[in-house]
Amino acid sequence: MYVLLVASAFNSLTQRVHAELRDHGHRVAVELAAPDTPLADTVRRHHPDLVLAPMLRTAIPEEVWAAYTCLVVHPGPVGDRGPSSLDRAVQDGETRWGVTVLQANAEMDAGDVWASADCPVPPVGKSDLYRGEIADAALEAVLLAVERFASGTYVPRPQEPGPARPFLRQDERRVDWEADTTERVLRVLRAADSQPGVRDHLLGADWYLHGGHREDDLRGRPGELLATRAGAVCRATADGAVWIPELRAPRTPDASPTPRLPATLALARADRLPPLPELPAPPDGGPYRPAWSDIGYHEEGQTGFLTFSFPGGAMSTSHCRRLLDAYRTACARPTTVLVLSGGRDFFSNGIHLGVIEAADDPAEESWANINAMDDLVEAVLTTTDRLVVSALGGNAAAGGAMLALAADEVWCRSGVVLNPHYRLMGLYGSEYWTYTLPLRVGSGLAVRLTSEALPLGAAAAHRLGLVDRTVPCAPGDFADETQHLAVRLAALPATASRIAAKKAARELHEARRPLAAYRAAELARMRRTFFDPDASYHALRRAFVRKESPAATPAHLTRAAADRRGVTGLAVSDAAPNPGSC
């Protein structure tokens, strides 16, 4: 079938729907719901078999849904209605939620149901949940709904009428630091982690708070800041404390939206950061361990696990340098396999465009960030005394995708989407991609992947050889599955010979063309872009960070992409708009 995706933005769920529909043999195109482009004219131009809206903030006009079957993906169970469904589920502490695919009609979220699926709600942020359990449920429901539509025989079932819950406003998100428990504060913070944040008053100014993690040991007067760690600030609650990783300054009238920044950087730039103790990561800490830190390390037998999770997958100069220090420390341990494991929602999306945009000199910060990223990738590429595995439980894009490719093996969860390109940000790219990408997929396909800017679903990436193993599991099970597989890999008799062969291959490649030559060639082009004030990168970065909507759908998305599973296995989608990174 020819399926037209209509979306407010080409976000992570729209990407994944696009990719998996392609993998199922459908022709797919995308149109963004731009305010100055009549949707009816757009749909008529495509004349699709089916219109599908994975993420649409506006209503589909009657002249469209009366002429075409239009299916809308609602991130709530059957009967739930309203624009803040997922926010309310997280803030209210729901333990199970769901996704409904319904037919558009005159009443928002009230149409007949084509398919639904439920899922657990783990104690994670809304964006993490959205890209994990909600996305899995959405794909289950979407694929079933599309199959039912294609059959021509299925009759969707009506919904029971019910009231729509209103938009979740800031007065409902308010934190009372004197009275609210840590549990309640975490629910509120997590329900607004990426957008819109929780508006609050801190150190004499208004801020939006983004993200939250539990602190079990520190205590203080409710509302006061207690310490810093890895760019986050620790703030006391009525019965404990929470770590807040990011802050955002409110926008002023007639100004562009401000970017989210590491909390300490945001406070320092406003000259409001008090003298607080910087606490090191605890020995048993990590992104998903009881003692929170954005970087953690643990061992199981002969296998080391270096875990990291940065908000939105964006890696600033500081993030890269701290992760490199942790990587070198991990390489000093007597292990046979080292697993480099990213967050649940993102592995990495490369350099931190938000920090760059906020810098006094964005060109200099871009240059520092890309060099720090290259240093990290080089360390992985030159590790020859053990096997390195990249474990992708979440999406990866641009330099983050190339960081993953630096490892000997790439494992990813079956729901991951990869974006191995830089072009949409006006960049040539670095991170040794001109070495690693052709090595895996060949020079011809490497050029195609980076020039067409069409990301891949996990299954297609595996068929191409970009990924060595896909792990079909729930988001919360990926870490355990990875640990089991890595421990088994370390115990295999053939692993020692693989390490020896790896060292010999690296020496051979170095003799043919040193890694330094790849880096120099890539960085020469990047430097010209960074320090050219007229380069498109600067305007694209600014629009991306400030969440400026494009005036029209990019041409590479409007073209109906035919299924190519028999040729390249490409699954078409596009760069994730949420993380401020590249």
Side-chain angles (χ1 to χ4, degrees), residues 90 123-131 173 175 177 182 185-200 202-203 207-216 218 225-237 240-249 258-270 272-274 276-282 285-296 307-323 326 342-349 351-355 358 394 400 545 578-581:
V90 175
V124 298
K126 175 183 64 175
S127 58
D128 192 334
L129 175 67
Y130 182 76
R131 294 184 183 94
R173 299 181 190 270
V175 173
W177 294 96
T182 297
V185 172
L186 285 174
R187 289 203 312 269
V188 172
L189 291 173
R190 288 168 175 167
D193 64 343
S194 56
Q195 285 294 326
V198 175
R199 184 150 185 155
D200 196 33
L202 174 64
L203 299 175
W207 298 93
Y208 286 95
L209 318 181
H210 292 271
H213 305 279
R214 183 184 302 275
E215 165 58 40
D216 287 331
L218 295 179
L225 297 185
L226 307 176
T228 62
R229 175 185 290 154
V233 292
C234 186
R235 194 171 186 186
T237 65
V242 295
W243 290 99
I244 302 170
E246 292 185 312
L247 299 177
R248 177 171 59 87
T258 54
R260 302 189 329 251
L261 295 174
T264 55
L265 176 60
L267 291 171
R269 287 184 57 80
R272 294 182 182 272
L273 182 63
L276 297 169
E278 170 71 15
L279 301 185
Y288 302 106
R289 299 177 77 82
W292 174 81
S293 179
D294 58 357
I295 299 174
T307 58
F308 61 97
S309 181
F310 306 124
M315 297 176 64
S316 67
T317 303
S318 174
H319 288 136
C320 293
R321 289 172 178 168
R322 289 194 295 108
L323 186 55
R344 281 177 28 120
D345 57 343
F346 288 110
F347 176 80
S348 170
N349 287 304
I351 61 176
H352 200 308
L353 299 179
V355 170
V545 169
N578 289 327
S581 50

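Starting from 1, each residue takes its place in the sequence as its number. Quick caveat, the model's predicted, so the values are computed rather than measured.
Paired with Val233 under the rule side-chain contact (heavy atoms from CB on, under 4.5 Å), one option of Ile244, Leu203, Val242, Leu209 passes, and it is Ile244. Test Arg199, Arg248, Glu246 against Tyr208 for side chain to side chain donor-acceptor pair (under 3.5 Å) and you get one pass: Arg199.
Contact check for Leu261 versus Val355: side-chain heavy atoms found under the 4.5 Å cut-off. With a 4.5 Å cut-off on side-chain heavy atoms, Arg272 and Leu247 do not count as touching. The side-chain heavy atoms of Arg173 and Pro196, taken from C-beta on, include a pair separated by under 4.5 Å.
Ring-plane geometry between His352 and His319 is classed as parallel, the angle between the planes falling under 30 degrees on a 0 to 90 degree scale with a further cut at 60.
A donor-acceptor distance shorter than 3.5 angstrom exists from the side chain of Asn349 to the backbone of Gly312, with no hydrogens or angles considered. For the pair Thr237 (side chain) and Gly240 (backbone), a donor-acceptor distance under 3.5 Å is present. Of the possible donor and acceptor atoms, one in the side chain of Arg229 sits under 3.5 Å from a partner among the backbone N and O of Trp292. A donor-acceptor contact shorter than 3.5 Å links the side chain of Tyr288 to the backbone of Arg344.
Residues passing the salt bridge (charged side-chain N to carboxylate O under 4.0 Å, His left out) test with Asp193: none are found, sequence neighbours excluded.
Closest approach of Ser127 and Ser194 over heavy atoms only: CB-OG, 3.7 Å.
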